[in-house]
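A quick write-up on the structure given underneath.
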Amino acid sequence: MNTYTFKDGSQKDLLNFSGTVPVKYGNSYNIPIQLWILDSHPFAPPICFLKPTANMGISVGKHVDAHGRIYLPYLQNWSHPKSTVIGLIKEMIAKFEEELPLYSLSSSDAARQSELLSYIAKITEGETDMKSRSKIGGKNEGCFNKITVVGAGDLGIACVLAVAAKGVADKVILLDLSEGAAKGGTMDLEIFALPNVEISRDFSASADSKVVVVTVNSLGNAQTYLDVIQSNVDLFKGIIPAISHYSQNAVLLVASHPVEVMTYVAWKLSTFPKSRVIGVGANLDSERFQYILTNLLKAEVLAKDAWVIGEQGEDKVSSWTSYNLAANQTEGMAARNSRQKVANRAMEVLKGKGQRSWSVGLSVADLTDSILKDRRKVHSISTLAKGCCNINSEVFLSLPCILGTKGVLEVVKLEEDPLVQEKLQSSAGSIHDLQQQLKL
């Protein structure tokens with residue numbers, strides 16, 4: 001056991017292994033390494049470092065950074081129970097035989113190397129100056145509004161930029177699970193550093209987040225739609241338990257696809273209450289829908305109670321809350337028909353709008369703002385729909401919900417409409433059938 005200091009300055013006594021792995025690269029070499037085992041093991045992968053001696057230099061490359069941190073596809077794709085420490089070491093040997101991670105230093109270089117070794121030792125022994133950062137501006141860091149974004153693809157980076165621009169968080173962690181020491185947009189974020197934004201590969205950096213946004217999507221070579229979703233499920237198995245371990249009171253906000261299914265998967269893997277696991281759902285579509293009604297169709301009175309609900313994609317449907325039709329039944333029916341015509345026109349305009357990464361990022365920033373600031377604002381988000389509209393299965397659909405610091409505070413009652421209920425039940429049925437085929 002030894003003390004490990006994470007990038008955010010937090011410390012933890014962790015089990016660690018030090019030793020050598022045999023590598024053949026022309027000659028035979030014994031490469032010194034150290035593995036740190038996190039509390040969330042075996043769901044989360046070990047943290048891996050080289051442990052060079054004073055006469056060894058680090059060869060920075062695809063799988064090793066300047067501080068000796070080791071990055072491998074096996075770590076990126078870690079999934080319990082198929083991933084093991086033995087399997088990790090086997091891949092480490094194979095990758096090191098392709099590109100040797102260490103080289104011999106001259107006597108003059110060895111002196112400079114000792115400075116780097118001293119730095120690495122301080123990290124692993126908990127002696128860095130990061131302790132002094134435990135309080136910032138007189139406030140305990142744990143009281144900060146901290147958001148973690150999981151996944152450093154286009155969507156993940158768009159979420160980070162939107163959240164940072166909106167200024168809703170005191171600290172934003174971008175958890176980069178990609179292969180290699182530096183990848184595209186992540187590297188650019190490191191070059192053009194943003195205030196309060198930190199990039200990490202350690203799940204522990206997400207500790208005590210109030211909101212965790214999950215944006216990862218599998219890029220595997222799956223052949224069928226079911227295979228694609230199962231690949232995402234397998235990816236979530238290695239992420240959600242670890243994230244849930246470090247931020248046990250967080251609201252999980254899922255933006256991965258398909259959002260209804262992946263929100264369900266996150267709920268099951270996290271064991272969080274249903275109120276604290278939500279998906280981005282139709283929040284973007286609803287905001288656009290209301291904008292179109294107000295600004296393009298000049299129907300502002302209708303817009304405030306108008307929502308896009310149900311399943312993302314072609315099966316989404318418009319609905320209404322607390323709309324007061326005229327008392328007279330004939331006038332009420334006329335008002336309903338007129339309203340539906342306007343709604344249909346708005347939905348046609350909405351169909352022409354794609355969902356680009358930056359658009360979804362803005363929607364995510366809007367949702368995190370409502371959660372962190374406890375705004376009690378209504379959003380159409382993916383929530384557990386069981387019990388609504390005679391749905392009896394555990395499926396997530398977009399419904400208008402009041403959001404606060406604890407997630408969903410209340411699902412807003414929809415106006416009764418047999419056609420809307422029929423569509424929601426149909427979506428729930430197809431989603432449930434799909435979920436039954438997945439291996440959780």
Side-chain angles (χ1 to χ4, degrees), residues 40 42-45 73-74 76-84 87 150-151 153 155-156 175 177 203 212-245 250-282 309-316 355 360 381-389 391-399 407-408 423-440:
S40 49
F43 296 104
Y74 199 92
Q76 154 70 17
N77 299 318
W78 186 277
S79 177
H80 175 70
K82 69 178 181 179
S83 300
T84 64
V150 184
L155 177 55
L175 199 56
L177 304 178
F203 280 107
V212 177
V213 184
V214 186
T215 70
V216 293
N217 284 293
S218 175
L219 299 177
N221 297 316
Q223 298 298 313
T224 68
Y225 183 56
L226 180 61
D227 291 338
V228 171
I229 299 175
Q230 185 62 54
S231 295
N232 267 359
V233 170
D234 294 339
L235 201 58
F236 269 43
K237 287 180 184 178
I239 294 171
I240 301 300
I243 286 294
S244 305
H245 171 79
V251 174
L252 288 184
L253 175 55
V254 178
S256 304
H257 294 296
V259 68
E260 295 84 13
V261 176
M262 298 316 299
T263 307
Y264 167 80
V265 172
W267 176 53
K268 286 295 185 182
L269 293 175
S270 69
T271 69
F272 280 7
K274 63 181 183 180
S275 60
R276 289 198 286 114
V277 183
I278 60 177
V280 292
I309 62 171
E311 186 180 359
Q312 264 197 343
E314 294 298 318
D315 293 323
K316 61 194 173 191
Q355 293 210 355
V360 180
I381 52 171
S382 303
T383 189
L384 187 64
K386 186 176 181 180
C388 174
C389 300
I391 295 170
N392 298 316
S393 52
E394 291 184 336
V395 296
F396 281 70
L397 291 171
S398 288
L399 296 170
V408 175
K423 287 185 178 180
L424 291 180
Q425 290 167 5
S426 175
S427 290
S430 59
I431 291 170
H432 180 67
D433 290 344
L434 184 58
Q435 288 172 178
Q436 293 298 102
Q437 301 176 64
L438 299 173
K439 298 174 184 177
L440 291 181

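Remember, predicted model here, so these are calculated numbers, not experimental data. Just so you know, residue 1 is the first one in the sequence shown, and it goes up from there.
- Remark: D234 CG to S218 OG distance equals 8.0 Å, nearest 0.5 Å.
- Rounding to the nearest 0.5 angstrom, the gap separating the CG atom in L438 from the NZ atom in K268 is 12.5 Å.
- Residues V216 and N232 fail the side-chain proximity criterion, which asks for heavy atoms closer than 4.5 Å.
- The CG atom of L434 sits 11.0 Å away from atom OH of Y264, with the distance rounded to the nearest 0.5 Å.
- Closest non-hydrogen pair, L424 versus C389, comes out as CD1-SG, 3.6 Å.
- Nearest approach of A250 to V212, heavy atoms of both residues: CB-CG2, 4.1 Å.
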| request: Report the C-alpha distance between S427 and L397 in whole Å, list the side-chain angles of each, state the deciding distance to 0.1 Å, and finish with yes or no for side chain to side chain contact (heavy atoms under 4.5 Å, CB included). | output: CA-CA 8 Å; S427 290; L397 291 171; 4.1 Å; yes
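- Scanning for side chain to side chain contact (heavy atoms under 4.5 Å, CB included) contacts around F43 gives H80, P241, with sequence neighbours left out.
- A donor-acceptor pair under 3.5 Å is formed between the side chain of T215 and the backbone N or O of V150.
- Nearest heavy-atom pair, E260 versus G310, reported as atom, atom and distance to 0.1 Å: OE2-O, 4.1 Å.
- Residues passing the side chain to side chain contact (heavy atoms under 4.5 Å, CB included) test with K274, sequence neighbours excluded: W267, L384.
- The closest donor-acceptor contact from the side chain of Q312 to the backbone of P258 lies at 3.5 Å or more, if one exists at all.
- Under the side chain to side chain contact (heavy atoms under 4.5 Å, CB included) criterion, T383 pairs with L399, C401, V408, V411, sequence neighbours left out.
- S393 OG to I431 CD1: the interatomic distance, rounded to the nearest 0.5 Å, is 8.5 Å.
- A heavy-atom distance below 4.5 Å is found between the side chains of F203 and L175.
- Contact of the S382 side chain with the V254 side chain is not registered, since no non-hydrogen atoms from C-beta on lie closer than 4.5 Å.
- Legend: residues meeting salt bridge (Lys or Arg N to Asp or Glu O under 4.0 Å) with K423, ordered by chain and number and at least two apart, are absent.
- Sorted by first and then second residue, the side chain to side chain donor-acceptor pair (under 3.5 Å) pairs with a member in residues 431-440 form an empty list; sequence neighbours excluded.
- Using a 4.5 Å cut-off on side-chain heavy atoms (C-beta onward), S270 and V277 make contact.
- We find the CZ-CD1 distance between F236 and I229 to be 11.5 Å, quoted to the nearest 0.5 Å.
- Two residues are said to be in side-chain contact when any heavy atoms from C-beta on lie closer than 4.5 Å; V214 and I243 fail this criterion.
- Put simply, the residue from I240, V233, L235 that forms a side-chain contact (heavy atoms from CB on, under 4.5 Å) with V265 is V233.
- Between I381 and G279, the shortest heavy-atom distance links the atoms CB-O, 3.4 Å.
- Listed by chain and number, the residues in a side chain to side chain contact (heavy atoms under 4.5 Å, CB included) with V251 are R276, I278, I371 (sequence neighbours excluded).
- Between the side chain of N217 and the main chain of H257, a donor-acceptor pair closer than 3.5 Å is present.
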